[in-house]
Number of protein chains: 2
Amino acid sequence: MAKKKTSIKDIAKSLGISITTVSFILNGKAKEKRISEELTLKVEEYIKEVGYKPSHLAQSLRLGKSKVIVFMVEDISNQFFASIARKIEEKAYKSGYKIIYCSTDNDPEKAKALIDTFKVRSVDGFIITPTPALESTVLELLEEEFAVLLFDRWIPSIDCSYVVVENEKSAFEATSHLIQNGCKNIGFITVESDQIQMIDRLQGYGHAMESHGLKKNVFMLPFHNLSEFGASSKIQQYIQKNSDLDGLFFATNYLAFEGLQALNSLKKRIPEDVLLVSFDDHYFFTLFQPNISAIEQPIESIAEKLMEGMLMLLEDDESSKPDYKVTLPNILHIRESSDYKI
Amino acid sequence: MAKKKTSIKDIAKSLGISITTVSFILNGKAKEKRISEELTLKVEEYIKEVGYKPSHLAQSLRLGKSKVIVFMVEDISNQFFASIARKIEEKAYKSGYKIIYCSTDNDPEKAKALIDTFKVRSVDGFIITPTPALESTVLELLEEEFAVLLFDRWIPSIDCSYVVVENEKSAFEATSHLIQNGCKNIGFITVESDQIQMIDRLQGYGHAMESHGLKKNVFMLPFHNLSEFGASSKIQQYIQKNSDLDGLFFATNYLAFEGLQALNSLKKRIPEDVLLVSFDDHYFFTLFQPNISAIEQPIESIAEKLMEGMLMLLEDDESSKPDYKVTLPNILHIRESSDYKI
DNA sequence: TATTTTTGATAAATCCTTTTAGCAAGTTCC
DNA sequence: GGAACTTGCTAAAAGGATTTATCAAAAATA
């Protein structure tokens, strides 16, 4: 039953010619290799007739390129990563690349294991949101001449291509926005993390506060199992303890969601009692009443630059030392209606 | 620079033995093939020493199995599909399978093109949310003896394994819930679609209304470009025209989101003016004030059954006619606080 | 001692392509 | 007429594994 796939060999045999000739014709090298137009046409016709498609597996083995890119993120079910995955996919498939995805949970061991697996699979490139302690592994990849592109966060200590956003600048702007709207005591709610993008966001907040002579007030949640950990109630406690808070800056949107629940439980009104802003925009923020201000990461551009960079790295002819380092601006959406401003 | 990978051939040469022997040892057939323990140990040690890993590409070529599964959904950035992707991934990787994903946008042409691409790539299995008009393509896949597992929706006209949920039953229950809480005029808001799961949901609603002698009131939005199409304002118009509506059933959560915006614009209160229920639960529904009732699809179970089924289909030794048809129950979350009930 | 078995290994085919090197036969040139 | 090209095509190696069939030497049997 299992229809045996026709191979180039079958074609050659059927037409009584050599494999080489068929291969040349298939790869558009008929002219170059001086195959007569007559034979070329005959072969092409036959190929169409039997619906022959070459085996990518064999091609990959022979050519040493698999046309597969690994998309390795913290969590593919996270809206941000999923959205980028969607865009990446489209662009990759257009260029004949396939995308395998995987999630690290930000666990270095898991990330290393996954990378190990994929090296063997002879994939061509890696798009990675690096976990902590991944320097040496990434370095190895680079040494073995894989195309590697970091995103969301990068690794300052190694020279690797990346696509990131202006975390510090946007956090600075968003904080300044709160200050300009009268906030004097702004809490920055984040997670314990040594990831560079989180550090940058914290710094942006810090600089804005300092430059206005305001006192910083940072609340750090433990990184893992946020909701199981009762993040919402932890935030609630924090807000209660700091009764003079008039502004809150959430370092990510899932923190903002938890925060919204906390504020709701405390019957705090937005924006009358407290002004909000969150990093990472979400459809939800425009649905919530009142709308929540947020910093939108430019998903489309990120995906575009990622594929552009990846293709550049992949098509690089091992000569130059390719370098693709992009930092994209975010978009700050101010959403509290102006009537409400303090 | 580019470290050439060591192959089985290199190992054989270095140790002055044959490739066959090395292969036997690698595949744990040393005993069976009567390789001396002495040599086995020596080879195993050497393999560890040089850190040899077999080429999956070559193995796939030889064995005709790639250990790759395609996960083809309508839109991978959709929270529902992304969540399943996340779970599937975990289970697949544990069994040594890799997942390639792709999105069809529910476009049959796109779906066919993608399937064509993957057939050539010699993937082993397909997990598919079928688009309309995909019967013949799926049938071809089955004839070519790929492992095929449909989910979210199935194709009644062909005998293919699937994992779906009880759409009709849950819609019936949810509608009954609204009726039991006093609703007399319940609008069912859905999209124009001949997809079986949407039809089933509509039927569940219909049966519930009929069995209570109530008049059906269905509003269908065109399928494509929902938000660009101003779905929210269309729903708003519908609600205004039907001023006697006291309950709304949204066939999917993204319709509910649009509906919530519409209700908000109309200053309709929930649950005082209208009771809501939506298919497909969402984190958002518990965050929204008041919380929104919804039918939760059991993502974990779906993913579990999908991988269980896929592995069964894959490991089936071409003898039997494997059949894996699963229909899972949903969970109805009633969320309006009871004080509010009409 | 001669024959059969067992032991411990291996050569070679196969999976499907790409690509280098080369070979006959026909042309051109002087 | 013989050297030098051109033309049109192909044999065979390579890429990295698996597996069948086979083989020489040692051990067991008669």
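Within every chain, numbering begins at 1; the chains are lettered A, B, ... in the order of the sequence lines, protein sequences first and strands thereafter. Excluded from the calculations below are hydrogen atoms, water molecules and symmetry mates; all remaining heavy atoms, backbone and side chain alike, are included.
Among pairs with a residue in residues 63-91 of chain A, those fulfilling salt bridge (charged side-chain N to carboxylate O under 4.0 Å, His left out) read A:Glu74-A:Arg153, A:Asp75-B:Arg86, A:Arg86-A:Glu89, A:Arg86-A:Glu90, A:Arg86-B:Asp75, A:Arg86-B:Asp105, A:Lys87-A:Glu300, A:Lys91-A:Glu300, at least two apart in sequence or across chains.
We find that CG of B:Leu15 is positioned 10 Å from P of C:dT10, with the value rounded to whole Å. The distance between atom NZ of B:Lys9 and atom P of D:dA14, rounded to the nearest whole Å, is 6 Å. Atom pair B:Ile11:CD1 and D:dG15:P shows a separation of 15 Å (rounding to whole Å applied). Rounded to whole angstrom, the span from the CG atom of B:Asp10 across to the C1' atom of D:dA14 amounts to 13 Å.
When all heavy atoms are compared, the tightest approach of B:Tyr93 to B:Lys98 is CE1-CA, 4.2 Å. Scanning both residues, B:Pro130 and B:Asn106, for their nearest heavy atoms gives O-OD1, 4.2 Å.
Listed nucleotides: C:dT18, C:dC15, D:dT18. Nearest to the side chain of A:Ser23: C:dT18. With distances taken from any side-chain atom of A:Ala58 to the nucleotides C:dC16, D:dG16, D:dT18, the minimum falls on C:dC16. For B:Tyr52, taking side-chain heavy atoms from C-beta onward, the closest of the listed nucleotides C:dC16, C:dT10, D:dG16 is D:dG16. Among the nucleotides C:dT10, D:dT18, C:dT17, the one closest to the side chain of B:Ile8 is D:dT18.
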Exercise for review: Decide side chain to side chain contact (heavy atoms under 4.5 Å, CB included) for A:Val73 and A:Thr104; before the verdict, give the C-alpha distance in whole Å, the side-chain angles of both, and the deciding distance to 0.1 Å.
Suggested key: CA-CA 6 Å; A:Val73 296; A:Thr104 64; over 6 Å; no
Practice item. List the steps and the verdict of side chain to side chain contact (heavy atoms under 4.5 Å, CB included) for B:Phe126 and B:Leu149. Key: CA-CA 6 Å; B:Phe126 288 84; B:Leu149 192 48; over 6 Å; no
Practice item. Could you go through the side chain to side chain donor-acceptor pair (under 3.5 Å) check for A:Thr21 and A:Ser18 one step at a time? Key: CA-CA 5 Å; A:Thr21 307; A:Ser18 83; 3.0 Å; yes
**Study point:** Residues B:Ser66, B:Asp124; criterion side chain to side chain donor-acceptor pair (under 3.5 Å); working and verdict
**Key:** CA-CA 6 Å; B:Ser66 62; B:Asp124 293 347; 3.3 Å; yes
Review point. Hey, mind stepping through B:Met72 and B:Ile127 against side chain to side chain contact (heavy atoms under 4.5 Å, CB included) and telling me if it holds?
Key: CA-CA 6 Å; B:Met72 187 164 141; B:Ile127 297 177; over 6 Å; no
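Distances shorter than 4.0 Å separate some side-chain N or O of A:Gln59 from OP1 or OP2 on C:dT18. For C:dT10, the OP1/OP2 oxygens have a side-chain nitrogen or oxygen of B:Thr21 closer than 4.0 Å.
At least one donor-acceptor pair under 3.5 Å links the side chain of B:Ser14 to the backbone N or O of B:Asp10. Checking side-chain atoms of B:Ser95 against main-chain N and O of B:Tyr97 turns up no donor-acceptor pair under 3.5 Å.
Note on B:Leu57: nothing from the nucleic acid sits closer than 4.0 angstrom, heavy atoms only. Within the 4.0 angstrom heavy-atom criterion, only backbone atoms of the sugar-phosphate kind lie near A:Leu63; the bases stay farther away.
The residues B:Lys325 and B:Asp159 are annotated as salt-bridged, a charged nitrogen and a carboxylate oxygen being separated by less than 4.0 angstrom.
For B:Ser83, the side chain to side chain contact (heavy atoms under 4.5 Å, CB included) partners at least two apart in sequence or on another chain are A:Ser77, B:Gln79, B:Ile299.
Using five terminal pairs a side, the axes of the helix from C:dT1-D:dA30 to C:dC30-D:dG1 at its two ends make an angle of 70°, given in steps of 10 degrees.
Exactly one of A:Tyr324, A:Phe71, A:Tyr162 qualifies for a ring pair (Phe, Tyr, Trp, His ring centres under 6.0 Å) with A:Phe151. That residue is A:Phe71.
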Grab the N/O contacts between the protein and nucleotides 11-13 of chain D below 3.5 Å, and write none if there aren't any.
unit_1	atom_1	unit_2	atom_2	d
D:dA11	N7	A:Thr20	OG1	3.2
D:dA11	N6	A:Thr20	OG1	2.9
D:dA12	N6	A:Thr20	OG1	3.3

Using nucleotides 26-28 of chain C, report all nitrogen or oxygen pairs with the protein that are shorter than 3.5 Å.
none

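Between A:Val163 and A:Trp154, every side-chain heavy-atom pair lies at or beyond the 4.5 Å cut-off.
Of the residues in residues 25-39 of chain B, those with a non-hydrogen atom less than 4.0 angstrom from any atom of DNA chain D are B:Asn27, B:Lys29, B:Lys33.
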